[in-house]
Amino acid sequence: MSLLVEAVRHLNQGHVIAYATEAVFGLGCDPDDVQAVMRLLQIKQRPIEKGVILVAASWEQLLPYVDLTRLPEDKLLQAKASWPGPFTWVMPANDKTPKWLTGQFDSIAVRVSAHPQVRELCLAWGKALVSTSANLSGEAPCRSEQEVKIQLGGRVDFIMPGEVGGAINPSEIRDVLTGKLLRPA
C-alpha cells in the first residue's frame, strides 16, 4: 500500500496524521469529523476556542466552509493571488461551518498549499484537511518525521514521511477583510 493511500485510509477512519508542509510538519484530520478534530486538539493541548486552519489543494476544496456572501470579490481575488503558497487567510465562515473549526470566531482560517505532499494528500483525500503545526502547545513546531516521533510519541496515528519546504516559519495569517496581519511568516 502506498503511503498516500495509507494516509487517506487513516483520514477515512477518523485518525490524526502528521505530514510535511511548507515550513513545519502539520497535524491533520477530517474537518467534518468532530471526534477527529477534538482528538487533534487534545493531542496538541490546544483550546477549541482558538479555531483551526484548513489546508487544501485548491480554492474549490475550501468553498464548503467560506461564506462568499460576506467576502467582497476584490478581497477574494487578493487571497487567491497569494495561492498556492504559505499564506493563510481568515475569511468569513458560512453558517454550516462547525464551531469545532471556527472556535470562538465567525471566521475560518484557510490556505491553498504549494507543498507537493499537502497537495497530493488533499487531492487523494478529495477535500480540505485540518492543518495545525505538529507540536504541543507552547513547544517548537516539529520540522522532521523524527521530531514528530520524539515530541508527540504514539499520539499520532500515522506520520507521512516527507521533507518540509523552504519556509522558515509557519504560514503568515491575515484577515482577508481588513488586511490585518495576525501572525507574521
Side-chain angles (χ1 to χ4, degrees), residues 4-5 7-19 21-22 26-44 46-134 157-158 160 170-179 182-183:
L4 197 56
V5 170
V8 169
R9 181 179 64 80
H10 280 282
L11 291 169
N12 281 323
Q13 293 176 349
H15 293 168
V16 175
I17 67 169
Y19 52 91
T21 72
E22 287 90 344
L27 290 181
C29 66
D30 181 351
D32 301 314
D33 182 337
V34 62
Q35 290 177 324
V37 175
M38 297 309 275
R39 183 154 171 267
L40 180 145
L41 294 173
Q42 181 184 16
I43 289 168
K44 256 190 88 78
R46 179 183 174 93
I48 191 172
E49 294 79 20
K50 285 187 167 186
V52 294
I53 295 173
L54 298 184
V55 69
S58 67
W59 163 245
E60 290 71 26
Q61 291 183 330
L62 299 169
L63 285 174
Y65 307 97
V66 175
D67 184 350
L68 292 176
T69 66
R70 294 190 297 142
L71 183 58
E73 183 68 23
D74 63 322
K75 302 295 185 183
L76 175 59
L77 291 173
Q78 178 185 11
K80 287 170 113 178
S82 72
W83 291 333
F87 301 97
T88 298
W89 292 90
V90 175
M91 296 186 172
N94 67 39
D95 57 3
K96 293 181 184 134
T97 302
K99 285 294 178 191
W100 66 76
L101 297 178
T102 62
Q104 64 184 339
F105 307 102
D106 64 353
S107 55
I108 184 80
V110 295
R111 179 171 89 248
V112 176
S113 180
H115 192 279
Q117 187 176 73
V118 176
R119 295 179 65 78
E120 288 173 7
L121 190 54
C122 289
L123 288 171
W125 168 238
K127 64 184 203 178
L129 282 171
V130 169
S131 185
T132 184
S133 59
D157 298 300
F158 179 70
M160 196 163 174
S171 65
E172 173 180 295
I173 301 176
R174 284 191 182 271
D175 184 301
V176 75
L177 298 178
T178 66
L182 304 173
R183 180 178 76 188

Query raised in the report: Is there a side chain to side chain contact (heavy atoms under 4.5 Å, CB included) between Val66 and Asn94 once you walk through the steps?
Result: CA-CA 5 Å; Val66 175; Asn94 67 39; 5.8 Å; no

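- At distances below 3.5 Å, not a single donor-acceptor pair connects side-chain atoms of Trp100 with backbone N or O atoms of Gly103.
- When atom types are taken as modelled, the side chain of Lys127 and the backbone of Pro31 share no donor-acceptor pair closer than 3.5 angstrom.
- With hydrogens and angles ignored, the 3.5 Å screen pairs a side-chain donor or acceptor of Arg70 with a backbone N or O of Ala93.
- Looking at Asp30 and Trp125, their side chains come closer than 4.5 Å, going by heavy atoms from C-beta outward.
- For the residue pair Gly14 and Ala36, the shortest heavy atom distance occurs at O-CB, 3.4 Å.
- Inter-residue side-chain proximity for His115 and Pro84 is flagged as unmet; no heavy-atom pair is nearer than 4.5 Å.
- We find the CG-CZ distance between Leu4 and Arg9 to be 13.0 Å, quoted to the nearest 0.5 Å.
- In Gln35, the CD atom is not crowded: 12 or fewer heavy atoms of neighbouring residues, nucleotides or ligands sit closer than 6.0 Å.
- The side-chain heavy atoms of Ile53 and Ile173, taken from C-beta on, include a pair separated by under 4.5 Å.
- Heavy atoms only, all atoms of each residue included: Ala128 and Gln61 are closest at CB-O, 3.7 Å.
- Closest approach of Ala57 and Val112 over heavy atoms only: O-CG1, 3.6 Å.
- Contact between Ala7 and Leu121 at its shortest, heavy atoms only, is CB-CD1, 3.7 Å.
- Of the inter-residue distances, the one linking Thr21 atom OG1 with Leu27 atom CG reads 10.5 Å to the nearest 0.5 angstrom.
- In this structure, the side chain of Gln42 does not engage the main chain of Met38 through any donor-acceptor pair within 3.5 Å.
- Between the side chains of Tyr19 and Ser131, at least one donor-acceptor pair of N or O atoms lies under 3.5 Å.
- Distance check: Lys75 NZ to Trp89 CH2 gives 8.5 Å after rounding to the nearest 0.5 Å.
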**Report entry** Worked check of side chain to side chain contact (heavy atoms under 4.5 Å, CB included) between Met160 and Ile17
**Finding:** CA-CA 7 Å; Met160 196 163 174; Ile17 67 169; 5.6 Å; no

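- Aromatic ring pairs are classed by plane angle as parallel below 30°, tilted from 30° to 60° and perpendicular above 60°; the pair His10 and His15 is tilted.
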Requested in this report: Show your reasoning for whether side chain to side chain contact (heavy atoms under 4.5 Å, CB included) applies to Val130 and Val37.
Outcome: CA-CA 8 Å; Val130 169; Val37 175; 4.0 Å; yes

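- With values rounded to the nearest 0.5 angstrom, Leu68 atom CG is found 7.0 Å from Leu76 atom CG.
- Within the 4.5 Å cutoff, side-chain heavy atoms of Thr132 are placed close to those of Lys44.
- In this structure a side-chain-to-backbone donor-acceptor pair under 3.5 Å is present from Arg174 to Gly179.
- Rounded to the nearest 0.5 angstrom, Leu129 CG and Cys122 SG are separated by 4.0 Å.
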Report task. With side chain to side chain contact (heavy atoms under 4.5 Å, CB included) as the test, would you mind laying out the steps for Tyr65 and Asp32 before giving the verdict? Result -> CA-CA 10 Å; Tyr65 307 97; Asp32 301 314; 3.0 Å; yes

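- Atom CD1 of Ile48 is separated from atom CG of Leu101 by 8.5 Å, given to the nearest 0.5 angstrom.
- Of the N and O atoms on the side chains of Arg183 and Ser171, at least one donor lies less than 3.5 Å from an acceptor on the other residue.
- Between Arg39 and Asp157 there is a salt bridge, with a side-chain nitrogen of the basic residue lying less than 4.0 Å from a carboxylate oxygen of the acidic one.
- Here the closest heavy-atom approach between residue Val90 and residue Ser107 is recorded as CG1-OG, 3.3 Å.
- Residues Glu22 and Arg111 are paired through a salt bridge, judged by an N-O separation under 4.0 Å between the basic side chain and the carboxylate.
- In terms of modelled atom types and a separation under 3.5 Å, the side chain of Trp83 and the main chain of Ala114 share no donor-acceptor contact.
- Nearest approach of Val176 to Pro92, heavy atoms of both residues: CG1-CD, 4.3 Å.
- Counting only N and O atoms by type, the side chains of Thr97 and Thr102 include no donor and acceptor under 3.5 Å apart.
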